[in-house]
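Let me begin by presenting the structure, written as structure tokens, before commenting on it.
For the single chain, residues carry numbers from 1 onward in sequence order. Small disclaimer: the values here were computed from a predicted structure and weren't measured.
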Amino acid sequence: QVQLVESGGGLVQSGGSLRLSCAASGRTVSIYAMGWFRQAPGKERDIVAAITWSSGRTYYADSVKGRFPITRDNAKNTEYLQMNSLKPEDTAVYYCAATPRSHHTTARSYEYWGQGTQVTVSS
């Protein structure tokens with residue numbers, strides 16, 4: 001089992017920045033990739049970004065490319081999502097997730113989930 005604890009959400013004005021963190025514990029050796037997803041009210045949970053744990057290869061949704069770099073610190077078993085140039089449409093609950101599978105760009109591939117953190121961007 002892998003446990004994930006997120007931090008860093010909050011309220012920010014349009015154009016501002018926030019950084020989300022996700023610390024993994026437990027059987028972290030099983031992790032192939034970690035990702036960030038978001039879910040707005042009445043909408044599906046969509047991928048924002050993902051990163052493979054060993055090579056650091058990244059994947060981004062088109063809506064966040066160039067704005068939300070994802071990074072990881074293997075020594076701390078922590079991934080980060082730096083959210084820049086935030087827009088009101090970025091408002092959602094953001095979830096950290098981890099998967100042992102090589103296919104890691106859809107929610108159904110992920111086995112472990114954090115509790116979610118609210119990000120609200122005011123206009």
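Pairs of residues two or more places apart, or lying in two chains, that qualify as disulfide (SG to SG under 2.5 Å) and include a residue from residues 20-78 are Cys22-Cys96. Within the structure, side chain to side chain donor-acceptor pair (under 3.5 Å) pairs that include any residue of residues 49-60 comprise Thr52-Ser55 (at least two apart or interchain). Screening residues 61-102 for ring pair (Phe, Tyr, Trp, His ring centres under 6.0 Å) gives no qualifying pairs among residues at least two apart or on separate chains. Applying the side chain to side chain donor-acceptor pair (under 3.5 Å) definition to pairs two or more places apart or across chains, those involving residues 10-23 are Ser17-Asn84.
Minimum heavy-atom separation, Ser30 to Val2: OG-CG2, 3.9 Å. Residues Arg72 and Gly56 come closest through the heavy atom pair NH2-N, 3.5 Å. Thr99 and Ser109 make their closest contact through OG1-O, 2.7 Å (heavy atoms, listed as atom of the first residue, atom of the second, distance). Taking every heavy atom of both residues into account, Ile70 and Glu79 meet most closely at CD1-OE1, 3.5 Å.
Under the 4.5 Å side-chain heavy-atom criterion for grouping Ile, Leu, Val, Met, Phe, Trp and Tyr, Leu4 is not connected to Leu20 through any hydrophobic cluster. Hydrophobic clustering, with ILVMFWY side chains joined whenever heavy atoms are under 4.5 angstrom apart, groups Val12 together with Met83. Note on Ile31: it does not cluster hydrophobically with Ile51, by side-chain heavy-atom contacts below 4.5 Å among ILVMFWY residues.
Through ILVMFWY side-chain contacts below 4.5 Å, Val5 is grouped with nothing and stands alone.
In this structure, Trp36 and Glu6 have side chains that are in contact, with non-hydrogen atoms separated by less than 4.5 Å.
For Arg27, the salt bridge (charged side-chain N to carboxylate O under 4.0 Å, His left out) criterion is met by no residue, not counting sequence neighbours. Evaluation of the side chain to side chain contact (heavy atoms under 4.5 Å, CB included) rule for Ser25 yields Gln3 as partners, not counting sequence neighbours. Not counting sequence neighbours, the partners of Ser85 by the side chain to side chain contact (heavy atoms under 4.5 Å, CB included) test are Arg67. Applying the ring pair (Phe, Tyr, Trp, His ring centres under 6.0 Å) criterion to Phe37, with sequence neighbours excluded, gives Tyr110, Trp113. Qualifying side chain to side chain contact (heavy atoms under 4.5 Å, CB included) partners for Ala23, counting only residues two or more places apart in sequence or in other chains: Thr78. Partners of Glu89 according to the salt bridge (charged side-chain N to carboxylate O under 4.0 Å, His left out) rule, which considers only residues two or more places apart in sequence or in another chain, do not exist here.
No donor-acceptor pair closer than 3.5 Å links the side chain of Thr120 to the backbone N or O of Leu11.
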Which pairs of donor and acceptor atoms, one on a side chain in residues 39-50, lie under 3.5 Å apart (sequence neighbours left out)?
unit_1, atom_1, unit_2, atom_2, d
Gln39, OE1, Arg45, NE, 3.2
Gln39, OE1, Arg45, NH2, 3.4
Gln39, NE2, Lys43, O, 3.1

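Between Lys65 and Asp62 a salt bridge is recorded (basic side-chain N to carboxylate O distance below 4.0 Å).
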Inset, instruction - Tell me, with the steps shown, if Val119 and Arg38 meet side-chain contact (heavy atoms from CB on, under 4.5 Å). - result: CA-CA 9 Å; Val119 171; Arg38 65 186 181 186; over 6 Å; no

